[in-house]
Amino acid sequence: MLYKLSANHSTFKPIVFNRGLNIVLAEKTSKSGEKASRNALGKTTFIEILDFCLGSDFSKNSKLNALELKDWAFSLELELNSYHFEVTRYIDNPKRIFIHSFCKNIPFDLKQQKDQSAYIDIGEWKEFLGENLFNIKNIETKKAFSPTGRTVLGYFLRKSGAYTDPFTTFKNQKAVQKQTNNAFVLNLLWGKSLELHNFQEETDKHKNLISFFKSQGQTIGKLNSQMVILSDEINKLRKNIQEFNVLPEYREIQDAANILTKNLQSLNNQKIFIKKKLSEYQSIIIEENNNNDINAISKMYKEVQISFSENVTRTLKEVQNFNKIIIQNRKEFLQNEVKQIEIDIKEIDAQIEKYVNERAEKMKILSAHGALDEYSLLQDNLSKKLAQLEEVKSDIKKQQDAEDQIYKIKSQKDLIKHEINQDININEYLKEEISIFNKNSMFLYDMYANLIVDTDRYGNYKFNISREKTSEGIERMDIFCYDLMLIEMFRKNLPQGIDFLIHDSTLYDAVDSRQRAKAIELAAKKAIDCNFQYIFTLNSDQLPVMDFSEDFKYTNYVVRSLTDANVSGSLLGITFSSPGDNEEKESTDI
């Protein structure tokens, strides 16, 4: 039971709760004028404060994270599982929950500040609430998306953002959270639901991997072909490496062979040059032999019509003799030069033969051995091919493992799907829950609304409400009927657990006045019969006064009236600006 909500500032309007029905009413006074609003009186803030005391996450976007509230602390006195105590949480120190006990043997390992204030960490507080409100053990919350005290509390303390449908407790809630949390509160196989979700995620992961390989053109068939080709190339490289004979002096011998080649080229060029010179000398000698006849000289003069006398002829003979001497001398010189050239050619030929033999010997050595850098290149190429082969093998194994896992997981998924279907068919809790929900709906609208628990395309739980006609108001009352059914079932099956249900006035927006009256009276009756507190906020103009039963006195249930006559009439007694005033943001509260 919740006993009292208070704060460390005197302007705050403390609220003392009763058993059964509790109304926090926002009233419009005659002094406030027609334009005054009840939206700033603190109805939503009241829900936020309760949730804050019950361990909600506190971030920069939290509604209470306002500069004006920095030194505020809120306290909630409650009794839970026979433990009576008060918790206090500070806005500027939200990670600690301060405890004041009204009973002995409080189940907390209390820590102390320097001022002797006793506290526990926020994590311990959440674990305590999970175990004592919903019998959720700490070990069960270790898996991702497992129900926790905080996530399940969202069905019993609905904040803004939780009024779209019965199965959603905050904006942008993940489908898996909705499945597991609703399965938990409905006494279904939530663990199997989470297990099936995890199996489905694992299956999708393997399928995505296979799809990725296919999109890259790397099917198992193509990869196997690549593996065969690479294996052949590797075997060939290994054979070449095995037969490779490394010569350490390879580079020196190769350089020497290159020098010999250059020398041979130079000698050949030199030989060509002196052979040409030899040919020229031989031609000159032949010409000289043909130019020593005096008659030829006389004939030459006659041809130019010059007539020689006896004296001149004799003189020409003398010239001829002199010419013979000169020619003979030059001929002897040329013959000597020719002999020297022939000797030089023989020496060049001998040197060429020597270089050719030396180069042939070195080339023979080079052809029988290999250089170290060539050997290294072969080794590097082999390493690259081996790495490529391992990558191909790895890709093949990844796809094969993925296909094997998909096959193995399928059998496990099929078994869980069967268990979930069987659970839906035979679960006695579910049958009772459907019955209570339908009775609640029938009480409000004289027509059944069907709470349907089915399976989705993955075989997991799927939750839905089905009725002949619907409207925004009816959909809001579906939430009311669902939550009312949940608290009734928990009071029956877990009597030491949660015993309160809290709604914001948002629930009653767009609801017809008659159905609103019926809902409030039904909640009042159920709260007494099932021993729980129904706490809700409402604007005074939402009160269906004319539609209440004659014996229903709503004034008996109003635990706090907030007025808009002036700021002091609001819940906190001050005005403040919070992040939620500009943009409503919801966080996953786990």
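These numbers were taken from a predicted model, which means no experiment stands behind them. What's counted below: heavy atoms across the whole structure, side chains too, no hydrogens, waters or symmetry copies.
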(request) Keeping to residues at least two apart or across chains, list the ring-ring contact (aromatic ring centres under 6.0 Å, His included) pairs with something in residues 472-491. (result) Phe134-Phe490, Phe156-Phe490, Phe167-Tyr482
(request) Please list all pairs passing the ring-ring contact (aromatic ring centres under 6.0 Å, His included) test where one or both residues lie in residues 411-447, with sequence neighbours left out. (result) none
Please determine whether a side-chain nitrogen of the Lys or Arg among [X] and [Y] lies less than 4.0 Å from a carboxylate oxygen of the Asp or Glu.
X	Y	result
Asp380	Lys384	no
Asp51	Lys159	yes
Lys111	Glu124	yes
Arg476	Glu472	yes
Lys417	Asp456	no
Asp423	Lys192	no
Asp57	Lys126	yes

(request) Would you mind listing every salt bridge (Lys or Arg N to Asp or Glu O under 4.0 Å) that reaches into residues 515-533, with sequence neighbours excluded? (result) Glu488-Lys526, Lys525-Asp529
Using a 3.5 Å cut-off and no angle test, enumerate the donor-acceptor pairs between side-chain atoms of residues 78-87 and protein atoms at least two apart in sequence or in another chain.
| residue | atom | partner | partner atom | Å |
| --- | --- | --- | --- | --- |
| Glu79 | OE1 | Tyr3 | OH | 2.5 |
| Asn81 | ND2 | Asn132 | OD1 | 2.8 |
| His84 | NE2 | Glu77 | OE2 | 2.7 |

Please tabulate, for side-chain N and O atoms in residues 399-409, each donor-acceptor pair with protein atoms closer than 3.5 Å (sequence neighbours left out).
| residue | atom | partner | partner atom | Å |
| --- | --- | --- | --- | --- |
| Gln399 | NE2 | Gln218 | O | 2.7 |
| Asp401 | OD2 | Lys397 | NZ | 2.7 |

(request) Taking ring-ring contact (aromatic ring centres under 6.0 Å, His included) as the test, write out the residues that go with Phe98, two or more places apart. (result) Tyr90, Tyr119
(message) Show, in sequence, the C-alpha distance, side-chain angles and deciding distance for Arg158 and Asp483, and conclude whether the salt bridge (charged side-chain N to carboxylate O under 4.0 Å, His left out) test is met.
(response) CA-CA 9 Å; Arg158 286 192 185 255; Asp483 293 352; 2.5 Å; yes
(request) Take the angle between the ring planes of His197 and Phe145 and call it parallel below 30°, perpendicular above 60°, tilted in between. (result) perpendicular
(request) Give me the one residue out of Phe536, Tyr508, Tyr534 that meets ring-ring contact (aromatic ring centres under 6.0 Å, His included) with His503. (result) Tyr534
